[in-house]
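Following: one structure in structure tokens, then a few remarks.
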There are 2 protein chains.
Amino acid sequence: MSDAPTEKGRATRARIVEGAAEVLREQGVAFTTLDDIRGRTGTSKSQLFHYFPGGKDQLLLAVAQFEADRVLEDQQPHLGRLDSWESWRQWRDAVVERYELQGDHCPLGSLFLQVGRSGPGARAIVTGLMRQWQEQLARGMRALQANGLVPSDLDVDRTAAALLAGIQGGVTIMMSTGDSSHLKAALDTGIEHLRTAGRTEGSGGNRCGTDGAPPWP
Amino acid sequence: MSDAPTEKGRATRARIVEGAAEVLREQGVAFTTLDDIRGRTGTSKSQLFHYFPGGKDQLLLAVAQFEADRVLEDQQPHLGRLDSWESWRQWRDAVVERYELQGDHCPLGSLFLQVGRSGPGARAIVTGLMRQWQEQLARGMRALQANGLVPSDLDVDRTAAALLAGIQGGVTIMMSTGDSSHLKAALDTGIEHLRTAGRTEGSGGNRCGTDGAPPWP
DNA sequence: TGGAAAATGGACCAGCAAGTCCAGAAATTC
DNA sequence: GAATTTCTGGACTTGCTGGTCCATTTTCCA
């Protein structure tokens, strides 16, 4: 995938991707031209097409992959060690901080709307990112189960999917409104759900359980 | 806002907005030109600029408002009557169906990335939509509280915000991956949370409550 | 050292799409 | 029914932007 015969070539290619990512984060993909990228990275037109023969689309795809990798990296080491309530809290704070710092432009979101359904490439990047992210969340939940902090009958995969969706939506809303409260609400409610889920049947007596609410499969 | 001196004018303007919305939903904003819209709506360039002197941006903004209105309309009448578990289930199904039908293009999402932070107009549309949506969810939760189906100490606003974020993210993920399971998970988990929330303190004895989990304000 | 391959610079091209303009048709008003 | 306003058609302009091309320099390797 990343063909770079010489050392200098690899460096230049990396510089292009990183610089392009910067510009795209600042201006948004819709308002970014190859000349902007060229200017920022101190390269010439021919270099851009030398390293990305597929043109702008290929470059955008490379940037998308670059950003996708960053997403999970920026949540480490917390995301990898979600085995206690404290670690979950630290992870939550890391996520909030990361996206509050990022400002009001979602690199990936906009990237994919531009690249669109152009081939399986773009879709594969998002799909892969989502899968890994959700897997790590699920693993964390299972760690809680193993430690007896979460009931073992919790549907981990579904809960992880819901939490991931909440984060995603919280970020989306923040990008549009500039307000991070939805992201926080999604994270906190999602984590709170871990502490309360599965405790409605067979526990206390009074207002629990079956008020006609179906579990609807 | 919508100045249309004569009847024919209003009709034409409406036809343009609706036709543009169709094209945008099909092709995505990045790949839609004014000529596409012109072709679809059977109008001429001059009409486009006659009714939208602000050019493409103004037209896109009008379409955005049009789509934003549709979002809430398509959830009625369920969204307005969320006072029983059954009505919540019906609403959930309506949301899933609406977005599954919509296919793989989010009109609003892409629209705002194109129009971007161009003036307060775009942002106001999203903000207003989110506020109304969340308000209706919160009202539904309060109705459940009034009927004794949900504990009264539930933080309705935060829970509604989280649910909204989950929907938003579920839709986003569905647009990128083509899979609606995240949307369903977010909806089901969010509603399930209503049935279990606030029941962790003071109910059963064993694995509930304070295992070192902070409520972190 | 010398030739091949890679890397770079930048002028140039072509097409497209937003926006302009004006003439003419329709309709509203008096 | 004439005048004024609104509405419509479509050719034209113009600027931008992705992409091409080739000359030149640098690096690699034998």
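In what follows, chains carry the letters A, B, and so on, assigned in the order in which the sequence lines appear, proteins first and then strands, with residues in each chain numbered from 1.
If B:Gly55 and A:Thr12 are placed on DNA chain C by their nearest nucleotide, the residue sitting closer to the 5' end is A:Thr12.
Contact between the side-chain N/O atoms of A:Gln47 and the OP1/OP2 oxygens of C:dT8 is found at a separation under 4.0 Å. Using a 4.0 Å cut-off, some side-chain N or O of B:Tyr51 falls inside it from OP1 or OP2 of D:dT8.
Under a 4.0 Å N-O distance rule, the pair B:Arg25/B:Glu22 does not qualify as a salt bridge. Taking a cutoff of 4.0 Å between a charged side-chain nitrogen and a carboxylate oxygen, B:Glu86 and B:Arg89 qualify as a salt bridge. Salt bridge present: B:Glu100 and B:Lys184 bring a charged side-chain N and a carboxylate O closer than 4.0 Å. Using a 4.0 Å cut-off between charged nitrogen and carboxylate oxygen, B:Glu135 and B:Arg139 do not count as a salt-bridge pair.
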Can you check each nucleotide of nucleotides 13-18 of chain C against protein heavy atoms at under 4.0 Å and return B for base, S for sugar-phosphate only, - for none, in 5' to 3' order?
----SB

What does the B/S/- profile of nucleotides 23-30 of chain C look like, 5' to 3', with a 4.0 Å heavy-atom cutoff to protein?
---SSS--

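The distance from atom CG of B:Leu48 to atom P of D:dG10 is 14 Å, rounded to the nearest whole Å. In this structure, the CZ atom of B:Arg38 is 8 Å from the P atom of D:dG10, given to the nearest Å. Atom-to-atom, CZ of B:Phe52 to C1' of C:dT20 comes out at 18 Å; the value is rounded to the nearest Å. Residue A:His50 contributes atom NE2, which lies 17 Å from atom P of D:dC22 at whole-angstrom precision. Atom C1' of nucleotide D:dG19 and atom CD1 of A:Ile37 are separated by 14 Å, given to the nearest angstrom.
Counting only heavy atoms from C-beta outward, the side chains of A:Gln102 and A:Met175 approach each other to under 4.5 Å.
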Evaluate side chain to side chain contact (heavy atoms under 4.5 Å, CB included) for A:Leu194 paired with A:Trp85, printing each intermediate quantity in order.
CA-CA 10 Å; A:Leu194 292 178; A:Trp85 293 121; 3.9 Å; yes

Any chance you could lay out the side chain to side chain contact (heavy atoms under 4.5 Å, CB included) test for A:Arg38 and A:Lys45, step after step, and finish with the verdict?
CA-CA 7 Å; A:Arg38 204 186 49 66; A:Lys45 223 38 169 321; 4.2 Å; yes

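Taking both residues in full, the closest heavy atoms of B:Ala186 and B:Ile167 are given as CB-N, 4.4 Å, listed atom of the first, atom of the second, then distance. Pairing each heavy atom of A:Ala138 with each of A:Asp157, the nearest pair is CB-OD1, 4.1 Å.
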